[in-house]
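Have a look at the structure below, then the notes.
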Amino acid sequence: MTTGLIFDVKRYAIHDGPGIRTTVFFKGCPLACRWCHNPESQQAAPELVFRRNRCIACRACLDACVRGAISWSEGGPETDVSKCARCGCCAAVCWAEARQIAGRETTVEEVIAEVERDAAFYERSGGGVTFSGGEPLAQIEFLDALLRASRSRGIHTALDTCGLAPWDAIERIRHNVDLFLYDLKIMDDSKHREMTGESNERILENLRSLSRLGHEIRVRIPIIPGVNDNDDSLRAIGAFVSSLNSIPGIDILPYNRMGADKYARLNRPYGLPDIRDLSDERMAGIALMLGLFGLRVKIGG
Ligand code: SF4
Ligand code: SF4
């Protein structure tokens, strides 16, 4: 039985490809983007999430933790992550749902059963299933099995990827992907390393190869203030994408700070604490500039 680690399944998604979709979020990513708005997607292991604002100070978690990872302070429960085994015992007794475990091991059959629940909506809206993350290509056995199972049921498939994977992995699954949603962040390699922890060389090469092979691809660019929203960076992206084939359009995704709170819940520092939101006017200006490269640009996913 093929299994994989996911952290969420979102039904009725309308920003992850055409029509109404179910999006399956894989856990684990080879990049560590400083602005990541889904930090719970990054580690390839379950994690404890604590929402302090939901805590009603009942102390049930204190008794539930046999590892002594939880202590009590004036502000309520504190967790020593070095002692936490992510067993979920504290989450099980926390009826206020202040404590939860992000990430669960699941089977292909379980995921497909959930995806199939909305088959009628996919048919009517031209939707389907989107595999997102995290990075689905990092769990290639699981992804391959899910794509095959979706295809055999006639469900449209989209893969939302950061593109950092061996070509062998992409080669293995590409014929079962109807649409690639391909994230592109920064063209300058040293800046890419600084902001994501990895080089962009393989990411660009994989995108070139998919494009050469004629796959349908929507390039998605998160616009991050102070990182890639300057004119030089945008022109470099525009020139690169416009040189490719089979790119019907690009989506520019405005940065928002909604993910910042999630870092506190995971007991992690936020990588870009002083970042500001982007105005609608600036996003419209960026769309215009990229449009000058002959690209069809959409704001939002
Ligand atoms: S069990 Fe939940 S609500 Fe109760 S003290 Fe612990 S975190 Fe707070
Ligand atoms: S997940 Fe388990 S080990 Fe970690 S704090 Fe909760 S009960 Fe303790």
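Note that ligands are numbered from 1 as they come in the structure, with each ligand's atoms numbered from 1 the same way.
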Presence of salt bridge, [Y] and [X], under 4.0 angstrom:
X: Arg265; Y: Glu47; value: no
X: Asp144; Y: Arg148; value: yes
X: Arg193; Y: Asp189; value: yes

Quick test: of every protein heavy atom, which one is nearest to [atom], and how far off is it to 0.1 Å?
atom: atom 3 (S) of ligand 1; answer: Ile56 N, 3.4 Å
atom: atom 4 (Fe) of ligand 1; answer: Cys58 SG, 2.3 Å
atom: atom 5 (S) of ligand 1; answer: Arg59 N, 3.2 Å

Between [X] and [Y], which heavy-atom pair has the shortest distance, and what is it?
X: Leu234; Y: Ile223; value: CD2-CD1, 4.0 Å
X: Val227; Y: Trp35; value: CG1-CZ3, 4.0 Å
X: Ile112; Y: Ser150; value: CD1-OG, 3.6 Å

So, 2.8 Å as the limit: is an N/O/S atom of Cys55 located closer than that to atom 6 (Fe) of ligand 1?
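No, since none of the N, O or S atoms of Cys55 sits under 2.8 Å from atom 6 (Fe) of ligand 1.
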Cys61 neighbourhood, listing ligand 1 atoms whose heavy-atom distance to it stays under 4.0 Å
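Heavy-atom distances to Cys61 below 4.0 Å select 1 (S), 5 (S), 6 (Fe), 7 (S).
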Arg99 neighbourhood, listing ligand 1 atoms whose heavy-atom distance to it stays under 4.0 Å
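In order of numbering, the contacting atoms are 7 (S).
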Can you check whether Asp229's main-chain N or O pairs, donor with acceptor, with Arg282's side chain at less than 3.5 Å?
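Judged by distance alone, yes, a pair lies under 3.5 Å.
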Any Phe50 heavy atom less than 4.0 Å to ligand 1
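Distance cut 4.0 Å: Phe50 passes for ligand 1.
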Determine how many protein N/O/S atoms sit closer than 2.8 Å to atom 2 (Fe) of ligand 2, leaving waters out since they are not shown.
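Protein N, O or S neighbours of atom 2 (Fe) of ligand 2 under 2.8 Å, waters not counted, come to 1.
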Can you sort out which atoms of ligand 2 are near Ile70, meaning under 4.0 Å from one of its heavy atoms?
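So the atoms of ligand 2 that pass are 5 (S).
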